[in-house]
Each structure stands twice: as C-alpha cells, then as structure tokens.
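The structure appears below as structure tokens.
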Amino acid sequence: MPIPDEKIEEVRTATDLVEVAEDYVQLKQSGSRYMGLCPFHNEDTPSFGVDPDQNLYYCFGCQNGGDAFKFIQEIEGVGFLESVRMLADRYGIPLPEEETDPDAASERESILHALRFAARFFYRQLTQSDRGRPALDYLRRRGFAPETIKQFGLGYAPDEWDALLTTAEEEQIALETLEKAGLIIERNDGSGYYDRYRGRIIFPIFSHIGKVLAFAGRILDPDDERDQPKYINSPETEVYHKKEVLYGLNQAKQAIRTTDEVLLVEGYTDVISLSQAGVDNVVASSGTALTEQQIGVLDRYAKRAVMLYDADEAGERAALRGMERVLAAGLGAYAVELPEGDDPDEYVQEHGGDVFSEHVQEHRQDLPSFAYQRARRNGSLDAPEDRVDVQRGIIESVAQIPDANLRREYVAHTSEVTGVPDSDLFRMLEEEREQLEHRAQRRRTREQKRQQRQSEEAPSAENEAAPPTRSDASSPAPDVANETTSGPALLPEERVLFRLMLENGRRMVELVLGHMSLDEFSEGGPRALARALAKMYEEGNVQPQQILNGECGETLQQLGASVMMDEHEASEHWAQKEDIPVPHLNDRPYDAARSAMKFLKMDRADEAIEAVRERMYQASQQGADEQVQRLQQKMMSLQELRKGIKRGAFLDD
C-alpha cells in the first residue's frame with residue numbers, strides 16, 4: 001500500500017533541502033539563498049539555487065526545480081515513493097516495512113529494497129543470533145565497539161547455502177530482483193540459486209546519502225584464505241558502480257566538510273578503525289585505484305585529499321597517479337607513508353587517533369616532493385637525462401591543474417624541490433599546456449565528427465517514435481498535462497502575481513483571478529499555472545503547496561519553483577516608467593498584486609495597440625481607407641482602455 005500522506009508530510013517537514021543538496025553540490029550562501037553549480041547540467045557560473053525558507057530548489061540555467069522529493073528523484077533516478085524512503089532513512093523517520101510494495105516499484109527501487117532487506121538480515125544475524133557469535137567475537141577482538149558495528153551496519157552471512165534466499169522469499173522478494181542485486185547466484189545446472197555470501201563478515205557499502213548499494217564479504221577463518229578469496233564483493237548492478245562509490249563517505253562527509261580535507265585509505269577496516277579512533281574524515285576507494293568519478297564526488301566536500309599508501313612500488317605508483325588525478329580536478333593532493341609494515345588499522349589501534357593525526361600532518365608530501373623523493377629512492381636522478389625526465393613528469397602533472405594561480409605556485413615549489421630555475425620549468429609548463437590544448441582540440445574534433453555521423457545515420461523525424469514520457473505518482477492532471485513551458489517566458493509582473501498567489505493562497509487567488517482572464521497570462525506554462533489555481537478555487541480547495549510538491553505535474557512544479565526562487569519583487573522601474581506606486585511584496589502584498597495586474601493588463605493592451613498599428617500601416621499601404629478608419633476607431637478604444645487600466649478602473653468592477 002502507498003506511504004500514508006501524514007508520513008510523507010512528516011518527512012517533508014523534517015527535510016532540510018540545503019543539507020540534502022550539499023551532498024551533491026558545493027553551496028555558498030548568497031543573500032537569503034544558497035547558490036552552486038547545477039548538478040543537472042554542465043556550467044561554469046553558479047545558477048543553481050536553494051531557498052531554505054521555501055525548501056525549494058531551482059536552476060536558472062536548465063530550469064530544473066522543485067522540492068526535496070523532486071531533487072532526489074532527479075539526481076538519484078528514482079520514483080517518488082523511493083525518494084520519500086531515502087529521505088525518511090536519512091532523517092530517522094520509520095516507515096513500516098509492510099508499506100513497501102516492491103512489485104509496484106521500478107526495477108531500481110526493487111533492487112534498493114532487496115539490498116536494504118539484506119543489510120538488516122546480515123546485521124541481525126551478527127548481533128542477535130547464535131550463529132553470528134563467532135563473527136561478533138572476532139570483531140570485538142579487532143577492537144570494534146558495538147556502536148561502531150551499528151554505525152557501519154556490519155553483519156554476518158550464515159555459513160549456509162540459502163539462509164538469505166529463504167528469508168527473502170518469505171518476504172516475497174523476487175528471485176530475479178535478488179539476482180539483479182548481486183545477492184544470489186544461479187546454480188550451474190540451472191536447478192536454482194544459492195547465496196553469494198556465506199560464512200563471511202559483511203561490510204555494507206552505502207551511498208553518500210546512506211542507501212545500501214552493495215556488500216563486501218570477508219572470510220572469517222584466516223586458514224580458509226588458502227582455498228578462497230579473502231573478500232567477495234558485489235558485482236556491478238543497476239545501483240552499484242564501483243568506480244563512483246567511496247566506502248565510508250556517508251559517515252565521513254560532515255567531518256570532511258568541517259576539515260576541508262579527506263583521507264584516502266585502501267581497506268574497509270582502515271576506515272572503520274580510524275573513524276572509531278576519532279579520525280572521521282576518512283574514506284576508501286572500494287578496492288579500486290582512485291577514479292575520476294570518485295574524485296568528482298569528493299570535490300563536493302573537500303578542498304584537499306591525502307592519500308595513505310603502502311610502502312612498496314605498487315603503493316607509490318597508485319599514490320602518484322591518484323595525486324595527479326586529484327590535482328587535475330582542482331583539489332590539493334598529498335601523500336603520507338606510514339611506518340614500514342603498518343597499515344592504518346594497525347597503526348591507529350596501537351597508537352591512537354591523536355598520534356595518527358600528528359603523523360599525517362607532519363609527514364604529508366605534495367606531488368613535487370613525493371615524486372622527486374621517489375625518483376631519488378629508485379635511482380632515477382643519477383643521469384642528467386633521467387633528472388630531466390623526472391622534472392618533465394612533474395610539470396606534466398602540474399600542467400593539468402585548472403587554476404593558473406595554483407599552477408604557478410606548484411611550479412615555484414617544484415623549482416625549490418628540484419633546484420631547477422623556475423624560468424626553465426615555466427617553459428616546460430607552456431610546452432605541456434600547448435600539448436594538452438592540442439590533444440583536447442583533437443578530442444573535440446573527433447567528438448564533433450562522431451556526433452555528425454550519428455546525426456546523418458539517425459532516422460528522419462517523421463519516422464521516429466515520440467520520446468517516452470515519464471510515469472510517476474506525480475503525473476499531471478489531464479487538463480494540465482498537455483501544457484508546457486513553451487512560448488513566451490514569464491513576464492516580471494506574472495512572476496509577482498504567481499508568487500503572491502502561491503504564498504498567500506485563496507484570498508490572493510480570488511483577487512488576482514477575479515480581475516484577470518486566463519488568456520491575459522502568457523501561453524504555455526504561465527497560463528497552465530493560472531488555470532490550475534483557478535480550478536482549485538472553483539473546487540473550494542486552494543492549496544498552492546500541491547503545485548510546489550509536484551501533485552499538479554512536473555511542469556507546474558518547476559514553474560512554481562522558478563517563481564518562488566525569483567528574488568525580484570515588483571520592479572521600481574515600473575514606477576519610474578508609468579508613475580504607478582509599486583509596494584514591496586512582503587510589506588503590502590495586495591497592493592503589490594494590484595500594481596502587477598495593472599502592468600500585465602497594460603502589456604496586453606500595448607500588444608493589441610501595436611498589432612492594430614501594424615494593420616493600419618498595411619491597410620494604408622494598400623489604399624484601404626475604409627479599413628484604416630475602422631482600425632483608427634479601434635485604436636482609440638484601446639487607448640481609452642489602457643488609460644482606464646492605468647487608473648485601476650478594472651479594480652472597481
């Protein structure tokens with residue numbers, strides 16, 4: 001059955017959209033709003049805004065807007081009900097399991113539901129069952145406190161072939177969904193399925209907003225490592241893409257924001273031990289080399305990334321490559337080596353969080369220092385040509401830094417580290433930047449040719465099927481569904497009127513739509529929004545929040561968000577142009593509405609006058625004197641009408 005309305009409202013009330021959006025976008029306060037680069041399209045200048053008072057977002061670039069539920073739907077690619085569940089999980093609002101209807105959900109939502117079910121199953125097996133006792137004892141010997149086990153959702157998969165499978169079937173979770181979630185595997189002979197995880201400690205892998213995406217299962221008995229891998233990880237699924245996920249980010253993101261810095265380690269237990277020791281700004285790259293997608297996620301939270309690497313050749317190469325990618329993304333990049341033989345888990349267990357943090361602070365190296373020291377250790381500075389290769393390699397990395405000022409700082413520091421005059425290094429930098437631009441231009445040319453070929457090979461428009469429309473719980477009503485935001489953009493006075501009606505409700509709707517006809521609003525979205533408000537008024541149930549919540553359709557929700565996010569009140573230029581007083585919206589909303597109505601009506605009168613003037617010109621050119629006389633009479637009537645509008649005569653009706 002659907003989630004009750006009162007629960008949806010409870011989640012809506014509890015949600016802080018600024019906080020939610022900051023999981024995806026770096027926001028900075030600008031007046032009463034928070035602004036940042038839009039997550040829905042590429043841009044260089046921030047046009048994405050969040051209004052904390054209205055709990056609405058809107059991008060002035062791509063026109064995407066709405067409430068918190070709409071934001072999660074758009075950015076996570078889920079339906080309305082799953083967006084409610086995601087926010088409910090975030091804010092600790094319980095939604096009874098029986099309210100979940102996986103059969104009616106999308107495939108993605110069904111997979112997320114199955115993963116959430118599995119995580120709870122594994123956690124209960126670890127903490128509440130006898131068969132999980134050995135695993136719980138092992139974790140306690142490793143020093144993990146009950147609070148830590150709960151925080152990271154650790155679990156245990158019973159050493160049975162179908163423990164999870166049987167329980168999931170009892171909960172009517174489809175086998176197909178369990179397989180797509182990576183939880184079960186089909187038998188070779190096709191006779192059925194078995195659990196992927198058996199007899200292992202389970203590490204749930206969460207998204208940055210706390211959704212279970214995947215699992216890692218660690219062998220419990222070290223002696224078994226000779227026969228089977230130490231870890232078994234979830235396969236790639238519709239909801240889990242390893243290159244995009246960072247283990248521990250959900251727990252670490254606030255600390256990362258506070259410190260502007262993220263520590264990158266290799267293992268799950270490294271993250272957990274450091275977090276338990278008070279080093280909270282730590283994540284792991286889920287068993288992969290640090291990817292560009294993962295760095296893109298970190299860019300929302302951190303200014304610097306510090307990599308802790310193993311003291312071997314492979315660890316050094318991974319750290320250097322990671323720093324190069326981090327610098328290319330515009331973040332600061334550093335590397336730290338722990339004492340030989342120690343990993344972060346062991347080191348912090350032995351020495352504690354404070355000593356660990358001091359070591360990281362004292363032994364961090366930036367890329368020039370790290371690369372040059374590594375080259376010296378490897379004997380790569382003995383010959384002149386080798387030294388030049390090392391210098392050039394450092395400059396190649398520095399050249400990818402997007403900020404010119406930061407590039408200059410790194411060149412100056414490279415000069416200090418290598419002893420090479422910075423003028424020589426700047427010459428190298430210019431050469432490398434030219435090469436980068438040439439390569440970028442070739443990529444752009446290839447992409448243009450590829451797109452041109454696709455365009456030439458694409459079927460003609462008349463033979464192509466219409467694109468599918470989105471289906472959701474918030475589908476617009478039939479009489480609004482066909483209206484779009486095409487046509488003229490919202491006029492400033494329309495923005496004022498719609499904002500006043502949305503903010504003030506029934507009495508304002510009665511005032512405005514009692515004195516304005518629908519065809520006086522611009523075609524498309526504006527007229528559809530006016531029609532929706534008029535329909536609410538006729539039915540005696542004016543609830544503008546339904547528009548902002550998306551209950552009247554996505555088009556009107558975005559238009560409503562645009563209006564509510566617009567900070568421009570009635571323009572003072574109106575007063576200068578027409579000598580009509582323009583009250584501020586918040587101080588005198590009804591007077592502001594009357595002024596805005598005057599200007600909108602005068603706009604329409606001016607359009608009619610201009611149209612008649614054009615027809616008069618054409619008639620005079622054709623010598624149609626009689627028609628010219630009729631149009632002159634009409635022009636006089638329109639001029640009188642405009643004067644009456646300016647006096648406010650329509651308000652006396």
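Atom CG of residue Leu249 and atom CG of residue Asn281 lie 11.5 Å apart, to the nearest 0.5 angstrom. Distance check, rounded to the nearest 0.5 Å: CD1 of Ile185 to CG of Asp195 gives 9.0 Å.
Enclosure of atom CD in Glu160 by more than 12 non-hydrogen atoms of other residues, nucleotides or ligands within 6.0 angstrom is indicated. Counting non-hydrogen atoms of other residues, nucleotides and ligands closer than 6.0 Å to CG of Asp189 gives a total above 12.
Aromatic ring orientation, Phe69 versus Phe80: perpendicular (interplanar angle above 60°, classes split at 30° and 60°). The aromatic rings of Phe203 and Tyr268 sit parallel to each other, their planes meeting at less than 30°, with 60° as the upper class boundary.
Taking a cutoff of 4.0 Å between a charged side-chain nitrogen and a carboxylate oxygen, Arg90 and Asp16 do not qualify as a salt bridge. With salt bridges taken as basic N to acidic carboxylate O contacts below 4.0 Å, none links Glu171 and Arg120. Under a 4.0 Å N-O distance rule, the pair Lys7/Glu10 qualifies as a salt bridge.
When the side chain to side chain contact (heavy atoms under 4.5 Å, CB included) test is applied to Leu331, the partners found at least two apart in sequence or on another chain are Ile295, Asp299, Val326. In this structure, the side chain to side chain contact (heavy atoms under 4.5 Å, CB included) partners of Pro46, at least two apart in sequence or on a different chain, are Leu37. Taking the salt bridge (charged side-chain N to carboxylate O under 4.0 Å, His left out) definition, one finds that Asp260 meets it with Lys303, sequence neighbours left out. With sequence neighbours excluded, the residues that form a salt bridge (charged side-chain N to carboxylate O under 4.0 Å, His left out) with Glu176 are Lys180. For Glu43, there are no salt bridge (charged side-chain N to carboxylate O under 4.0 Å, His left out) partners, not counting sequence neighbours.
Aromatic pair Phe122/Phe215: centroids less than 6.0 angstrom apart.
Between Arg142 and Ile272 there is no side-chain heavy-atom pair separated by less than 4.5 Å.
Counted by atom type alone, Glu74 and Tyr57 present zero donor-acceptor pairs between their side chains at under 3.5 Å.
When each of Val20, Leu81, Ile72 is checked for a side chain to side chain contact (heavy atoms under 4.5 Å, CB included) with Met86, only Ile72 meets the rule.
For the side-chain hydrogen bond (donor to acceptor under 3.5 Å, both in side chains) condition, the pairs that include at least one residue of residues 318-335, sequence neighbours left out, are Arg321-Glu324, Glu324-Ser397.
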